[in-house]
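Here is the structure we will look at, set down as structure tokens.
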Amino acid sequence: MTTLYTVLEISALLLVIILPLRGPKNTKKKNAGPIELSEWAIDENGDLQSYIKKDEPDHHHHA
């Protein structure tokens with residue numbers, strides 16, 4: 001009976017050690033998708049500023 005418990009303990013120990021070494025079978029690369037840039041940035045003073053100024057008249061060049 002003691003031999004049976006010893007075999008079960010060794011089997012459980014090996015199972016706990018070997019299973020994590022196998023790792024996950026389905027490793028899918030996650031696609032992050034397209035990168036979007038914000039129109040906000042932090043200036044040298046640490047303030048949040050819009051770097052796209054829509055109020056400037058020469059933002060769009062007219063012919």
Side-chain angles (χ1 to χ4, degrees):
M1 197 66 158
T2 307
T3 307
L4 180 64
Y5 287 125
T6 306
V7 170
L8 284 175
E9 286 179 356
I10 292 172
S11 300
L13 180 64
L14 289 175
L15 186 69
V16 168
I17 292 172
I18 292 173
L19 275 181
L21 293 177
R22 290 183 59 197
K25 287 185 178 181
N26 298 330
T27 55
K28 295 180 182 177
K29 293 183 179 179
K30 293 181 181 178
N31 189 2
I35 297 174
E36 294 184 23
L37 295 177
S38 174
E39 62 183 47
W40 296 93
I42 298 175
D43 64 4
E44 60 273 357
N45 297 327
D47 297 328
L48 184 64
Q49 299 289 325
S50 174
Y51 69 89
I52 298 177
K53 300 193 183 212
K54 298 177 183 175
D55 299 331
E56 290 181 1
D58 43 64
H59 179 67
H60 297 285
H61 299 285
H62 297 287

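Counting begins at 1 with the first residue of the sequence. This is a predicted model, so every value here is computed, not measured.
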What pairs of donor and acceptor atoms, side-chain ones from residues 5-21 against any protein atom, are under 3.5 angstrom apart with sequence neighbours left out?
from, atom 1, to, atom 2, distance (Å)
T6, OG1, T2, O, 2.8
S11, OG, V7, O, 2.8

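Under the 3.5 Å distance criterion, the side-chain polar atoms of D43 are matched with a main-chain donor or acceptor of N45.
Cluster note: I35 groups with no other residue, as no ILVMFWY side-chain heavy atom lies under 4.5 Å from it.
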